[in-house]
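Below you'll find the structure, written out as structure tokens, and then a few comments.
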Protein chains: 2
Amino acid sequence: MDALNPTPVRRSEQLGEEIEERIVTGVYPPGMRLDEQELAAAFGVSRTPIREALIQLASIGLVDIRPRRGATVPEMSADRLCEMFEVMAELESMCGRLAARRILPAELARLRDAHQACEEARDAGKPDLYYQLNEVFHRRIYEASHNGFLAEQATALHRRLRPYRRLQLRVRNRMQSSFSEHAGIVEAIVAGDGEQAASLLRAHVVVQGERFTDLVATLRQMNAPAEPEAATAQ
Amino acid sequence: MDALNPTPVRRSEQLGEEIEERIVTGVYPPGMRLDEQELAAAFGVSRTPIREALIQLASIGLVDIRPRRGATVPEMSADRLCEMFEVMAELESMCGRLAARRILPAELARLRDAHQACEEARDAGKPDLYYQLNEVFHRRIYEASHNGFLAEQATALHRRLRPYRRLQLRVRNRMQSSFSEHAGIVEAIVAGDGEQAASLLRAHVVVQGERFTDLVATLRQMNAPAEPEAATAQ
DNA sequence: GAGATTAATCTTGTATACACAAACAAAACT
DNA sequence: AGTTTTGTTTGTGTATACAAGATTAATCTC
């Protein structure tokens, strides 16, 4: 059916994902002005689908649209990021608590697979691969919560925090400790100990938010190479 | 008035809020088709701002847009609603935990004011007023969490669940017990007992989700007055 | 008479055109 | 010389026109 359907999705939706990707990977860095005409030209479409994509991204907080001022990539302050990590920790924690009680055998098997895959990436010393498999691991937990809405929320926020998490895996050699924490989480879920899973997961994520000052410093060097202005709220 | 219109906000944003209001209040019931042309005519604008409003609402899950099929108000299944309440409970809980630790004297005073206002509404036996003041009470807690992102998320979800919560306050005489629970929550926050505030708030919200079957039944009578079809997933 | 296929109509998705507001720059006046 | 005002330019916001897909109805065939 997919083969017969060449374009079953809105163009603006595809564009939205592409722009989101570029924002999230830092191709469009925080503070960058997103000119509709430029984007339209760059993607070879008219302004309309670009506008729709930007509006969509704006409503999930990934771009900032101000009337008659245009769209920009929002500058996420360190405070803001801390707040988001705080919420992320709680969502993950909740997923873990529910998963410990509700996970099905098949799901547990897949969770273990994901965990093992992480181990191999760690042993091979591949942070990029680990990062990717780490995402799968967490997604498995989201799904095992058997709360579709929660899983969606967690996935969305996880995605928004992606670039910062990624940086952190590099800055410090966190692969090792991350993997150990995963092991404890799996154990708690296997044991059906919701509270244990919850608190381990919270700690697992909070760590990422706490060791954060260095991260922000690192990030500031990388993402803001040529920005002498922007002295508003730094 | 359109000529003098000094509005510094996008038209589509205003439209979005208006449409959101109508969805949330049941004027546009679940399953309803949202024809762009009809809406454009109804609001006296062209299709463009309507489209933008719908896309915005779609990205927060308030309408369902399917390519080449148009927009509809999503039918929220009972399962889905339970899931959302489950997440809401956790967000509120988190707000309470943080608020207990971080609330400032001035904020505490305002929280008490809101609580007292609820009491008066209860004594006067005005559920609609109570409902409104209840929102203020909860918003005060969100703010006191000193996590702006969390407060935004909680507010957004609270808003989406509004119609269901409102119904419930009517169906059972929950005003009394709701108020008692509020009292305990305030007490825990005053005492700085984060865990206590968290668990009380979780229970406070979960109750709304649990006594839910009757609610859905009631709701079905009210919101679906003329819908003989729609036998998809009921 | 029933089912399938085709055509017509309706609605969405995209493009283009136009209008208005804001920011920047230049010139004139204090 | 500095400040203010006005004009120009750029870019957003809305409208309209056009194209493509989906649905429905009608007609034709079995």
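Chain identifiers are assigned alphabetically (A, B, ...) following the order of the sequence lines, protein sequences preceding nucleic acid strands; residue numbering begins at 1 within each chain.
Residue Ile50(B) contributes atom CD1, which lies 18 Å from atom P of dT14(C) at whole-angstrom precision. Rounded to whole Å, atom P of dT12(C) lies 14 Å from atom CZ of Arg66(B). Atom CG of Asp35(A) and atom C1' of dT12(D) are 10 Å apart (whole Å). As rounded to whole Å, 13 Å separates atom C1' of dG13(C) from atom CD of Glu52(B). Distance Arg51(A) CZ to dT16(C) P: 16 Å, rounded to the nearest Å. Rounded to whole Å, the distance from CD on Gln37(B) to P on dT14(D) is 19 Å. If you measure from atom CZ of Arg68(A) to atom P of dA22(C), you get 7 Å, rounded to the nearest angstrom. When rounded to the nearest whole Å, the span between CD of Gln14(A) and C1' of dG13(C) equals 12 Å.
Classified by interplanar angle (parallel below 30°, tilted 30° to 60°, perpendicular above 60°), the ring pair His138(B)/His158(B) is tilted.
Heavy-atom nearest nucleotides on DNA chain D were determined for Pro49(B) and for Glu36(A), and the one closer to the 5' end corresponds to Glu36(A). Mapping Ala71(A) and Thr48(A) onto DNA chain D via the closest heavy atom, the residue that lands nearer the 5' end is Ala71(A). Of the two residues contacting DNA chain C, namely Gly70(B) and Val45(A), the nearest-nucleotide position lying further toward the 5' end is that of Gly70(B).
Between the base of dG13(D) and the side chain of Arg47(A) there is a donor-acceptor pair shorter than 3.5 Å.
Counting only heavy atoms from C-beta outward, the side chains of Val63(A) and Ile23(A) approach each other to under 4.5 Å. You'll find the side chain of Leu104(B) stays beyond 4.5 Å of the side chain of Leu108(B), heavy atoms only.
OP1 and OP2 of dT12(D) both lie 4.0 Å or more from every side-chain N or O belonging to Arg69(A).
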Worked verdict on Glu152(A) versus Arg80(B) for salt bridge (Lys or Arg N to Asp or Glu O under 4.0 Å):
CA-CA 12 Å; Glu152(A) 284 168 26; Arg80(B) 184 73 175 177; 3.0 Å; yes

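Taking every side-chain heavy atom of Pro67(A) into account, dG13(D) is the closest of dG13(D), dA22(C), dT16(D). The side chain of Ser46(B) sits closest to dT16(D) out of dT16(D), dG13(D), dT11(C).
Tyr142(A) and Glu92(A) share a side-chain donor-acceptor pair at under 3.5 Å.
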